[in-house]
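Some notes on the structure that comes next.
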Amino acid sequence: MINQIFPATRARRLRQAPFIRELVRETRLAPGQLIQPLFVAETEEAGAIATMPGQQRYTLKDLAKEGKQLAKLGVSAVALFPALNAKLKNATGTEALNPKGLIPRAIGTLKAAAPELGVICDVALDPYTNHGHDGVLTDDGRIENDTSVELLRQQALLLARAGADVVAPSDMMDGRIGTIRTVLERDSRKDTLILAYSAKYASAFYGPFRDAVGSKAALKGDKRTYQMDPANTDEALREVALDIAEGADMVMVKPALPYLDIIRRVKDEFSMPTFAYQVSGEYAMLKTAAANGWLDEKKVVLEALLSIRRAGADAILTYFAKDVAGWLD
Ligand code: PBG
């Protein structure tokens, strides 16, 4: 019997060289798992977004170019958000129901420029309302669920008819997934996918996005009567269960990095395609630190996105999608 004076298991053996680290790596990040959110605007509102350096509001012409580049880089899809002229906004967001509106035209533009690129369209009223809420606001300051759902139903149908591959309700009204699934089926749109923002939290990380779509200054109050309390996790599972039962194809957790525990629980509990949204505030934090030279942008971005994948996300909406696809190329 020899006396064992060495560790039988040396964990560092598996880390000693790139070849073995590569072979035992458990999680990977690929361009095909990324979705690029894009802001769309008329010429007047187009241009840089101060709080989201590197992102911009695209005119339709620039959107076509961007779509082609993203497709070439292997990014699977884009998620579109309108930055409307304030004159088009009103209390009930009627511009959301204009079949010749900005987003329906943007869908056409993208489909002509890059047919293979998936087009995901947000279903919510906040970019269209003059009070910045996702639904209809009553005189006494409440968000009316069922009248809001009625408008969201019409908006979703319009977007599907305009050619959206995926409609993504981000409004957090009760019952909207079932209502939208029903209207799509009745219109014989069997293939339109629904990506449900199921566990969407009332987060302070959405600030720069609200700058980008011009809803920040206008926002009256907050969204805590419909978006989730950041303190809750069981509630996220109940929300996801409802959306699956109502006909969602994919579910989403949002924001991403501060909510990795939610992503993991949702993935484990339902085994559904689970998406995560690395939101505007997460982008702004990394971007600002990198711009100051405090963090290595490429390394922290890849680490953050890998962590979101490791937590259980199948795909990630990230403003870094294009850059990352380029880096991974
Ligand atoms: C609104 C919507 C928001 C985002 C996506 N859809 C903002 C909000 O709920 O106020 C935020 C995305 C981001 O911060 O990047 N329906």
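Start at 1 and go down the list; that is how both ligands and their atoms are numbered. As the structure is a computational prediction, the values presented were derived from the model and not from experiment.
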- Message: Tell me whether ligand 1 is touched by Asp134 - counting only heavy atoms on the residue side and a distance under 4.0 Å.
- Response: yes
- Query: If you measure from the Lys or Arg side-chain nitrogens to the Asp or Glu carboxylate oxygens, is any gap between Arg264 and Asp261 under 4.0 Å?
  - Reply: no
- Query: Do you see a donor-acceptor pair shorter than 3.5 Å between the side chains of Glu42 and Asn85?
  - Reply: no
- Item | Region of Asp171 that comes within reach of ligand 1 [heavy atoms, distance under 4.0 Å] | neither
- Query: Side chain or backbone of Asp126 under 4.0 Å from ligand 1, or both, or neither, by non-hydrogen atoms?
  - Reply: side chain
- Note on the structure: For Lys223, the ligand 1 atoms with a heavy-atom partner under 4.0 Å come out as 8 (C), 9 (O), 10 (O)
- Would you call Glu22 and Arg28 a salt bridge, taking side-chain N to carboxylate O under 4.0 Å as the test? yes
- Message: So Leu14 and Arg21, do their side chains get closer than 4.5 Å, heavy atoms only?
- Response: no
- Within the structure, does Arg210 bring an N/O atom to less than 3.5 angstrom of an N/O atom in ligand 1? yes
- Nearest to atom 11 (C) of ligand 1, what protein heavy atom do you find, and at what distance? Lys254 NZ, 3.0 Å
- Query: For ligand 1, is Tyr283 a contact, meaning one of its heavy atoms is under 4.0 Å away?
  - Reply: no
- Considering only NZ, NE, NH1 and NH2 on the basic side and carboxylate oxygens on the acidic side, decide whether Asp171 and Lys200 come within less than 4.0 Å. no
- Check whether any heavy atom of Gln227 sits under 4.0 Å from an atom of ligand 1. yes
- Report the relative orientation of the aromatic rings in Phe81 and Phe209; use parallel for angles under 30°, tilted for 30 to 60°, perpendicular for over 60°. perpendicular
- Message: Just to check, does Gln278 reach to within less than 4.0 Å of ligand 1 when the distance is taken from its heavy atoms?
- Response: no
- Between Asp249 and Arg181, does at least one N-O distance fall below 4.0 Å, as a salt bridge requires? yes
- Taking non-hydrogen atoms only, is Ser280 closer than 4.0 angstrom to ligand 1 via side chain, backbone, both or neither? both
- Please could you name the atoms of ligand 1 that Tyr319 approaches to less than 4.0 Å, counting only its heavy atoms? 12 (C), 13 (C), 15 (O)
